[in-house]
Amino acid sequence: MSSEQPKVIVMMGSKSDWDVMQHAGETLKKFGIPYTSRALSAHRTPAQVVELVSNAEKNGAEVIIAAAGGAAHLAGVVAAHTILPVLGVPMSSALNGLDSLLSTVQMPGGIPVGTLAIGKAGAVNAALLATAILARKDESLQQKLRDFRKEQQEKVIANSELD
Ligand code: RP5
């Protein structure tokens, strides 16, 4: 979490998701984006989820990332209570995250959840997508995204010879 007003809220259904979701936080930090992270569950703490999400817009948040595993309804519940873009990250589970993926991605038409990959890749990509959304009205963030892509490309090229 940073001291500035959070632009991104990183929510997850349980503290046990943090090992993976910290990668979303680290990625947002890399881009200098103020965020807050909260472990709140759609079924264990429904009132707290609704309170946080329904005040998010007026508190200055612009994107919400919501991660959950198993019967993963957190992202859908979050999306039901805000018009902010909601990015869902399925957590690994007893069924290797397939249940989480389907629960998160299969939103009936009308309330969208932009769903990313299961686990760490999804956590990182949710943060990158949140960055891209914020970058639409922030040129310095656009440049940071370009620099990030260039660095990534250079690393792959530098290590492309395998034998
Ligand atoms: C979900 O159940 C959480 O998002 C987590 O992925 C999973 C297991 O939670 P714990 O039992 O570890 O708290 O609600």
Side-chain angles (χ1 to χ4, degrees), residues 1-136 141 145 148 152:
M1 171 159 168
S2 73
S3 52
E4 276 176 80
Q5 198 177 40
K7 290 219 166 102
V8 178
I9 302 178
V10 181
M11 297 180 72
M12 63 215 81
S14 168
K15 265 189 164 179
S16 65
D17 298 322
W18 178 240
D19 258 9
V20 171
M21 289 312 294
Q22 65 180 319
H23 296 288
E26 276 164 22
T27 304
L28 292 168
K29 237 182 252 166
K30 208 184 293 181
F31 286 93
I33 294 171
Y35 72 95
T36 184
S37 46
R38 301 286 300 277
L40 285 174
S41 157
H43 47 276
R44 294 169 182 151
T45 56
Q48 287 75 10
V49 167
V50 172
E51 202 202 327
L52 179 70
V53 173
S54 42
N55 290 313
E57 206 183 335
K58 80 163 185 268
N59 288 336
E62 296 186 39
V63 182
I64 301 181
I65 295 172
H73 31 239
L74 181 65
V77 169
V78 167
H81 290 91
T82 183
I83 57 161
L84 292 173
V86 176
L87 307 179
V89 185
M91 295 288 93
S92 196
S93 65
L95 301 179
N96 293 325
L98 190 56
D99 45 354
S100 326
L101 172 65
L102 296 177
S103 307
T104 306
V105 78
Q106 284 292 64
M107 284 298 288
I111 305 289
V113 168
T115 303
L116 286 302
I118 298 167
K120 181 180 170 186
V124 170
N125 279 347
L128 289 173
L129 195 50
T131 305
I133 292 168
L134 297 172
R136 288 300 83 218
L141 266 187
L145 276 169
F148 170 79
Q152 191 169 240

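Atoms within a ligand are numbered from 1 in the order they appear, just like the ligands themselves. Count residues from 1 along the sequence.
Interface atoms of ligand 1 facing Ala68, defined by a heavy-atom separation under 4.0 Å, are 4 (O).
Screening Leu74, Val78, Val50, Val49 for a side chain to side chain contact (heavy atoms under 4.5 Å, CB included) with Leu40, the sole residue that qualifies is Val49. Between Val63 and the choices Leu84, Thr131, Leu87, the side chain to side chain contact (heavy atoms under 4.5 Å, CB included) rule is met once, by Leu87.
Note that the CG atom of Asp17 and the OG atom of Ser41 stand 9.5 Å from one another [nearest 0.5 Å]. Here the straight-line distance linking atom CD of Glu57 with atom NE2 of His81 works out to 14.0 Å at 0.5 Å rounding.
Annotation: side chain of Met12 is not in contact with side chain of Val20 (no heavy-atom distance under 4.5 Å). Side-chain contact between Ile118 and Ser100 is absent, with no heavy-atom pair separated by less than 4.5 Å.
Of all protein heavy atoms, the one lying nearest to atom 11 (O) of ligand 1 is Arg44 NH2, 3.3 Å. Summary of contacts: the protein heavy atom closest to atom 8 (C) of ligand 1 is Ser16 OG, 4.1 Å. Summary of contacts: the protein heavy atom closest to atom 7 (C) of ligand 1 is Gly69 O, 4.1 Å. Distance from atom 6 (O) of ligand 1 to its nearest protein heavy atom, with residue and atom name: Asp17 OD1, 2.6 Å.
Where the criterion is an N or O separation shorter than 3.5 Å, residue side chain and backbone included, Ser14 meets it with respect to ligand 1.
Using a 4.0 Å cut-off between heavy atoms, His43 contacts ligand 1 through its side chain alone, with no backbone atom that close.
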